[in-house]
There are 2 protein chains.
Amino acid sequence: MNEISILIVEDEPIVAEDIAGALRRNDYIVSAIVYNREDALAELKNNLPDAAILDINLNGKMEGIEIAEIIACNYHIPFLFLTSYSDKKTLANAKVTEPAGYIVKPFTEAGLYSSIEIALHNFAQKSKHNFPELKLSTINKFLPSPVSEREFQLLQLIYNGCTNKQIAAELFISINTVKKHINNLYLKLDATSHSSAIARIRQLILQ
Amino acid sequence: MNEISILIVEDEPIVAEDIAGALRRNDYIVSAIVYNREDALAELKNNLPDAAILDINLNGKMEGIEIAEIIACNYHIPFLFLTSYSDKKTLANAKVTEPAGYIVKPFTEAGLYSSIEIALHNFAQKSKHNFPELKLSTINKFLPSPVSEREFQLLQLIYNGCTNKQIAAELFISINTVKKHINNLYLKLDATSHSSAIARIRQLILQ
DNA sequence: TTAAAAATCACCCGAAAGGGTAAATGAAAG
DNA sequence: CTTTCATTTACCCTTTCGGGTGATTTTTAA
């Protein structure tokens with residue numbers, strides 16, 4: 001049911017198998033277990049998993065962080081660092097890659113599971129914080145002349161890339177009316193085009 | 001130097017003066033001290049402060065939360081709740097108004113100061129998480145055919161509401177070249193206009 | 001060195017959008 | 001009851017944009 005595949009990058013086979021077992025018992029699919037950087041990169045390229053668990057310390061080097069950077073730049077999947085509590089120095093370097101979560105050694109199966117669940121959830125939610133829905137009340141906080149509800153309807157359609165003709169069809173009004181409303185919007189927003197209206201909204205909210 | 005004005009809404013004069021003194025010693029301006037809901041609303045209307053400190057419990061009622069809701073809907077300023085640790089029931093109601101921070105009674109001057117500084121900082125940063133800057137690497141993660149760096153330059157200008165003519169002037173190229181690049185962008189983004197390209201980017205990143 | 005890819009510019013055409021004025025309707029508020 | 005105000009539509013005209021083809025130059029990679 002779950003069908004979520006996870007790549008394990010861990011140089012200690014015992015720990016790797018420990019994680020793999022725990023994952024399988026919780027309905028995850030272990031897409032692969034690899035022991036070094038090269039194999040990890042090959043696996044990402046040829047068989048991209050839904051998530052990755054990276055031991056920071058691989059064979060005495062901080063290769064885990066390098067892999068994280070590559071994932072962050074090239075793939076859109078969450079990754080968790082596997083680290084020990086004492087390892088505070090490297091943690092600072094790990095943080096900047098913005099991992100979806102951490103698994104702290106020694107870990108329990110319940111702890112591992114909840115770490116992954118939280119990480120997956122956070123990663124899924126993360127992008128939704130960006131590009132928020134438009135809210136009339138928020139927009140009007142920044143405008144001297146408030147946008148009416150009807151105008152806001154039009155604005156939302158503009159925001160979603162509709163043409164004037166599409167807006168007219170969507171709202172069952174003539175294209176002339178659409179133009180009129182949009183013209184009023186432009187006056188209030190100090191805009192001159194669909195795209196500049198969108199940019200203006202962003203600019204207003206970010207101030 | 002600071003020049004940040006803060007409204008205090010607190011029904012106990014001793015506590016209010018306590019806060020006011022601490023604020024002034026840390027270079028804040030106390031815009032007013034009010035003891036009830038009505039005076040708070042009047043103050044917001046006539047002399048909007050840069051931030052507000054709201055005691056949740058005013059004269060035995062939860063008027064602080066009502067004031068918070070009004071601020072959240074009508075003004076673009078951060079507010080902090082003044083509450084006691086034991087007051088866990090009302091805290092649930094307070095949370096939904098998304099305050100910039102909390103000040104827990106009894107408080108120290110250092111604690112008050114850091115609470116406010118953190119709250120102001122968070123509030124200032126908050127909107128910047130919304131509508132993030134476009135990143136070529138992020139966009140290309142979602143596209144079958146990657147956008148070139150030059151095309152990305154054009155895309156950023158579209159994103160900021162520029163017309164083709166403005167883009168041409170900005171990049172010192174002819175409007176014909178602008179059109180050519182944008183046409184290629186449309187093919188890659190599956191878009192048909194400036195605004196639909198912007199919407200498509202948002203849609204891609206939010207998936 | 002040569003081939004492929006990216007960037008540049010031109011021209012044409014039809015569709016879409018922007019700017020302005022004028023006016024009818026209907027609902028809400030005084 | 002009248003006076004706003006939002007919504008609706010029409011018509012005009014100009015500018016801009018989208019779509020297509022073709023060609024030159026520059027850069028990159030093989």
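Proteins come first, then strands; the chains are lettered A, B, ... in the order of their sequence lines, and each starts at number 1. These numbers come from the heavy atoms of this one structure, side chains and all, not from hydrogens, waters or symmetry mates.
- Nearest to the side-chain atoms of A:S174 among the listed nucleotides D:dT9, D:dG18, C:dG18 stands D:dT9.
- If you take NZ of B:K179 and P of D:dT16, they are 10 Å apart, rounded to a whole angstrom.
- One N or O on the side chain of A:R202 and one on the backbone of B:Y159 form a donor-acceptor pair closer than 3.5 Å.
- In this structure, the side chains of A:F107 and A:L82 come closer than 4.5 Å at one or more pairs of heavy atoms.
- When the side-chain nitrogen and oxygen atoms of B:N176 are compared with OP1 and OP2 of C:dC9, none of them lie within a distance under 4.0 Å.
- A heavy-atom distance below 4.0 Å to DNA chain C is reached by these residues of residues 148-173 of chain A, ordered by number: A:T163, A:N164, A:K165.
- Residue B:H194 places none of its side-chain N or O atoms closer than 4.0 Å to OP1 or OP2 of D:dT16.
- Proximity of A:Y28 to A:D50: side-chain heavy atoms (C-beta onward) are nowhere separated by under 4.5 Å.
- Helix-axis bend for the helix from C:dT1-D:dA30 to C:dG30-D:dC1: the local axis fitted to the five terminal pairs at one end deviates from that at the other end by 60°, rounded to 10°.
- For the pair A:T177 and D:dT9, the criterion of a side-chain N or O lying under 4.0 Å from OP1 or OP2 is met.
- Summarising the geometry, the separation between CG on B:L136 and P on C:dA6 is reported as 13 Å, rounded to the nearest angstrom.
- Taking the ring axis of B:F142 as reference, the NZ or CZ atom of B:R200 does not stay both within 45° of it and closer than 6.0 Å to the ring centre.
- You'll find the side chain of B:E10 stays beyond 4.5 Å of the side chain of B:I53, heavy atoms only.
- Under a 3.5 Å cut-off, the side chain of A:N47 and the backbone N or O of A:E43 do not form any donor-acceptor pair.
- What separates CD1 of B:I175 from P of D:dC17 is a distance of 6 Å, to the nearest Å.
- With hydrogens and angles ignored, the 3.5 Å screen pairs a side-chain donor or acceptor of B:D11 with a backbone N or O of B:N59.
- The stretch residues 180-191 of chain A touches DNA chain C through A:K180, A:N183, A:Y186, each having a heavy atom under 4.0 angstrom from the strand.
- Residues A:Y186 and A:H181 fail the side-chain proximity criterion, which asks for heavy atoms closer than 4.5 Å.
- Contact check on A:K61 versus A:E66 returns no salt bridge, with no Lys/Arg side-chain nitrogen under 4.0 Å from an Asp/Glu carboxylate oxygen.
- The shortest distance between side-chain heavy atoms of A:L44 and A:I77 falls below 4.5 Å.
- Heavy atoms of other residues, nucleotides or ligands lying less than 6.0 angstrom from CD1 of A:I14 number 12 at most.
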